[in-house]
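All residue numbers refer to positions in the sequence shown, counting from 1. Every value quoted in this text rests on a predicted model; they were computed, and no experiment measured them.
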Amino acid sequence: MKKISLFAAAASISAPAVFSGFKKLETVDGYTAYGMQSELTQEAYILVDGGEKDGQIASINLNSVLAGEAGFAIVKGKTLAEYADNSDRAEFYQTQCADKTVRRMNAPNQALGEPIPFAKLNGVGKVAADYSCLGK
(Lines give C-alpha, C1' and ligand atoms only; values in the text may rest on other atoms or scores of the structure.)
Protein backbone atom coordinates (compact mmCIF):
# COMPACT_ATOMS: atom_id res chain seq x y z
CA MET A 1 0.00 0.00 0.00
CA LYS A 2 1.39 3.38 -1.02
CA LYS A 3 0.15 5.14 2.08
CA ILE A 4 1.34 8.69 1.53
CA SER A 5 0.19 8.88 -2.10
CA LEU A 6 -3.20 7.32 -1.26
CA PHE A 7 -3.65 9.78 1.59
CA ALA A 8 -2.85 12.69 -0.72
CA ALA A 9 -5.23 11.33 -3.38
CA ALA A 10 -8.07 10.94 -0.88
CA ALA A 11 -7.51 14.42 0.50
CA SER A 12 -7.58 15.97 -2.98
CA ILE A 13 -10.88 14.47 -4.12
CA SER A 14 -13.49 17.14 -4.73
CA ALA A 15 -16.95 15.62 -5.00
CA PRO A 16 -20.34 16.44 -3.53
CA ALA A 17 -21.02 15.31 0.03
CA VAL A 18 -23.10 12.31 -1.01
CA PHE A 19 -22.19 8.65 -1.12
CA SER A 20 -22.17 8.65 -4.91
CA GLY A 21 -19.25 11.10 -4.64
CA PHE A 22 -16.86 8.45 -3.31
CA LYS A 23 -13.91 7.40 -5.42
CA LYS A 24 -12.35 3.93 -5.17
CA LEU A 25 -8.81 4.14 -3.81
CA GLU A 26 -7.74 0.50 -3.50
CA THR A 27 -8.73 -2.92 -2.20
CA VAL A 28 -6.78 -4.44 0.71
CA ASP A 29 -7.49 -8.00 1.86
CA GLY A 30 -10.89 -7.87 0.16
CA TYR A 31 -11.91 -4.54 1.76
CA THR A 32 -12.29 -1.61 -0.63
CA ALA A 33 -11.36 1.88 0.51
CA TYR A 34 -13.17 4.87 -0.95
CA GLY A 35 -12.27 8.54 -0.56
CA MET A 36 -14.53 11.59 -0.52
CA GLN A 37 -14.20 15.27 0.20
CA SER A 38 -17.03 17.75 0.27
CA GLU A 39 -17.01 21.51 -0.11
CA LEU A 40 -16.65 21.66 3.67
CA THR A 41 -13.09 20.69 4.58
CA GLN A 42 -14.18 19.05 7.84
CA GLU A 43 -16.09 16.45 5.80
CA ALA A 44 -13.20 14.71 4.01
CA TYR A 45 -13.47 10.96 4.60
CA ILE A 46 -12.18 7.53 3.70
CA LEU A 47 -14.72 4.72 3.95
CA VAL A 48 -13.61 1.10 4.24
CA ASP A 49 -16.30 -1.18 2.86
CA GLY A 50 -16.59 -4.43 4.77
CA GLY A 51 -20.32 -4.69 4.20
CA GLU A 52 -20.35 -7.90 2.22
CA LYS A 53 -17.52 -9.55 4.20
CA ASP A 54 -18.46 -8.74 7.79
CA GLY A 55 -21.47 -6.42 7.72
CA GLN A 56 -19.57 -3.31 8.78
CA ILE A 57 -18.32 -0.10 7.20
CA ALA A 58 -15.61 2.06 8.74
CA SER A 59 -15.13 5.79 8.29
CA ILE A 60 -12.02 7.88 8.84
CA ASN A 61 -12.18 11.67 9.01
CA LEU A 62 -9.08 12.85 7.12
CA ASN A 63 -9.00 16.27 8.75
CA SER A 64 -8.91 14.70 12.22
CA VAL A 65 -6.03 12.49 11.11
CA LEU A 66 -4.15 15.51 9.76
CA ALA A 67 -4.74 17.29 13.08
CA GLY A 68 -3.04 14.42 14.93
CA GLU A 69 -6.25 12.77 16.15
CA ALA A 70 -6.04 9.43 14.37
CA GLY A 71 -9.07 7.21 14.70
CA PHE A 72 -12.06 5.72 12.98
CA ALA A 73 -15.68 4.72 13.47
CA ILE A 74 -17.29 1.40 12.64
CA VAL A 75 -20.98 1.17 11.75
CA LYS A 76 -23.01 -1.98 11.12
CA GLY A 77 -24.30 -2.17 7.58
CA LYS A 78 -23.90 -4.05 4.34
CA THR A 79 -24.69 -1.03 2.18
CA LEU A 80 -24.11 2.70 2.41
CA ALA A 81 -27.84 3.16 3.03
CA GLU A 82 -27.64 0.85 6.07
CA TYR A 83 -24.47 2.67 7.16
CA ALA A 84 -26.35 5.98 7.07
CA ASP A 85 -29.34 4.51 8.94
CA ASN A 86 -27.10 3.04 11.67
CA SER A 87 -24.60 5.89 12.01
CA ASP A 88 -26.05 6.95 15.37
CA ARG A 89 -24.84 3.62 16.78
CA ALA A 90 -21.24 3.94 15.58
CA GLU A 91 -18.38 2.48 17.63
CA PHE A 92 -15.46 4.94 17.84
CA TYR A 93 -11.81 3.99 18.08
CA GLN A 94 -8.75 6.09 18.82
CA THR A 95 -5.59 4.98 17.05
CA GLN A 96 -2.14 5.22 18.59
CA CYS A 97 -0.08 5.00 15.41
CA ALA A 98 3.34 4.99 17.08
CA ASP A 99 2.34 2.04 19.29
CA LYS A 100 0.30 0.32 16.54
CA THR A 101 -2.69 -0.02 18.88
CA VAL A 102 -6.33 1.11 18.98
CA ARG A 103 -8.61 1.85 21.93
CA ARG A 104 -12.37 1.79 21.84
CA MET A 105 -13.87 5.05 23.04
CA ASN A 106 -16.82 5.03 25.41
CA ALA A 107 -18.46 8.34 24.48
CA PRO A 108 -20.75 8.87 27.50
CA ASN A 109 -17.91 8.92 30.03
CA GLN A 110 -15.05 9.75 27.62
CA ALA A 111 -13.14 6.65 28.77
CA LEU A 112 -10.78 4.68 26.57
CA GLY A 113 -10.69 0.91 26.54
CA GLU A 114 -7.58 -1.23 26.80
CA PRO A 115 -5.08 -0.95 23.94
CA ILE A 116 -5.55 -3.58 21.22
CA PRO A 117 -2.52 -4.25 18.98
CA PHE A 118 -3.08 -3.92 15.24
CA ALA A 119 -1.92 -7.54 14.92
CA LYS A 120 -4.99 -8.69 16.89
CA LEU A 121 -7.45 -6.74 14.75
CA ASN A 122 -9.28 -8.30 11.84
CA GLY A 123 -11.69 -7.33 9.13
CA VAL A 124 -12.74 -3.79 8.47
CA GLY A 125 -11.22 -2.63 11.79
CA LYS A 126 -7.73 -3.76 10.79
CA VAL A 127 -7.88 -1.96 7.44
CA ALA A 128 -9.38 1.16 9.05
CA ALA A 129 -6.65 1.24 11.73
CA ASP A 130 -3.98 1.13 9.01
CA TYR A 131 -5.69 3.88 7.01
CA SER A 132 -6.12 6.09 10.07
CA CYS A 133 -2.33 6.19 10.37
CA LEU A 134 -1.72 7.23 6.75
CA GLY A 135 -0.45 10.68 7.63
CA LYS A 136 1.84 9.46 10.42
Side-chain angles (χ1 to χ4, degrees):
M1 171 179 359
K2 300 171 187 155
K3 289 186 175 188
I4 301 302
S5 62
L6 286 173
F7 188 69
S12 68
I13 295 169
S14 58
V18 295
F19 291 128
S20 63
F22 284 88
K23 178 180 176 184
K24 182 177 178 179
L25 299 174
E26 73 173 338
T27 300
V28 177
D29 297 331
Y31 296 90
T32 302
Y34 297 90
M36 186 276 293
Q37 181 177 357
S38 76
E39 295 298 318
L40 302 172
T41 59
Q42 68 269 22
E43 294 180 2
Y45 287 92
I46 290 178
L47 288 185
V48 180
D49 182 6
E52 288 301 316
K53 288 189 81 160
D54 55 18
Q56 298 177 328
I57 297 172
S59 64
I60 302 148
N61 182 297
L62 294 176
N63 291 305
S64 293
V65 171
L66 287 172
E69 301 170 3
F72 57 94
I74 295 180
V75 177
K76 293 193 183 297
K78 290 186 175 188
T79 66
L80 290 176
E82 287 179 20
Y83 167 88
D85 288 344
N86 296 328
S87 64
D88 61 333
R89 293 183 297 276
E91 294 177 359
F92 294 94
Y93 294 85
Q94 183 183 73
T95 309
Q96 291 82 38
C97 298
D99 298 338
K100 297 275 189 201
T101 62
V102 300
R103 291 175 179 238
R104 183 165 182 216
M105 296 172 57
N106 184 341
N109 62 13
Q110 300 297 308
L112 291 174
E114 293 297 315
I116 303 166
F118 281 17
K120 290 191 176 187
L121 298 173
N122 56 44
V124 73
K126 180 176 181 62
V127 177
D130 285 336
Y131 265 98
S132 69
C133 290
L134 288 177
K136 305 286 177 194

### Query
Can you tell me how far the CZ atom of Phe72 sits from the CG atom of Asn61, to the nearest 0.5 Å?
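Those atoms lie 14.0 Å apart.
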Decide yes or no for [X] and [Y]: does some side-chain heavy atom of the first lie under 4.5 Å from some side-chain heavy atom of the second?
| X | Y | answer |
| --- | --- | --- |
| Glu114 | Arg103 | no |
| Gln94 | Val102 | no |
| Tyr131 | Lys126 | no |
| Ile74 | Phe92 | no |

### Query
Has Asn86 got more than 12 heavy atoms of other residues, nucleotides or ligands less than 6.0 Å from its CG?
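Yes, the 6.0 Å shell around CG holds more than 12 heavy atoms from other groups.
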Can you name the nearest heavy-atom pair linking [X] to [Y], along with the distance?
| X | Y | value |
| --- | --- | --- |
| Val127 | Val28 | CG2-O, 4.0 Å |
| Gly123 | Tyr31 | CA-OH, 3.1 Å |
| Ala128 | Ile60 | O-CD1, 3.6 Å |
| Val75 | Ser87 | CG1-N, 3.9 Å |
| Thr95 | Ala129 | CG2-O, 4.1 Å |

### Message
Among Asp49, Val48, Ile46, Ile57, which residue satisfies the side chain to side chain contact (heavy atoms under 4.5 Å, CB included) criterion with Tyr34?
### Response
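That would be Asp49; it is the only one of Asp49, Val48, Ile46, Ile57 passing the side chain to side chain contact (heavy atoms under 4.5 Å, CB included) with Tyr34.
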### Verdict with reasoning, Thr32 to Lys24, per side chain to side chain contact (heavy atoms under 4.5 Å, CB included)
CA-CA 7 Å; Thr32 302; Lys24 182 177 178 179; 3.7 Å; yes
#### Entry: Candidate pair Asp130 and Leu121, rule side chain to side chain contact (heavy atoms under 4.5 Å, CB included), full reasoning
CA-CA 10 Å; Asp130 285 336; Leu121 298 173; over 6 Å; no
### Query
How far apart are the C-alpha atoms of Ile116 and Thr101, what are their side-chain angles, what is the distance that settles it, and do they pass the side chain to side chain contact (heavy atoms under 4.5 Å, CB included) test?
CA-CA 5 Å; Ile116 303 166; Thr101 62; 5.9 Å; no
Any sub-3.5 Å donor-acceptor pair from [X]'s side-chain atoms to [Y]'s backbone N or O?
| X | Y | value |
| --- | --- | --- |
| Thr27 | Gly30 | no |
| Lys53 | Asp29 | yes |
| Glu69 | Val65 | no |

### Query
With a 4.0 Å cut-off, would you call Glu91 and Arg104 a salt bridge?
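Arg104 and Glu91: salt-bridged.
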### Query
Does the pair Tyr93 and Ser132 meet the rule for a side chain to side chain donor-acceptor pair (under 3.5 Å), with working shown?
CA-CA 10 Å; Tyr93 294 85; Ser132 69; over 6 Å; no
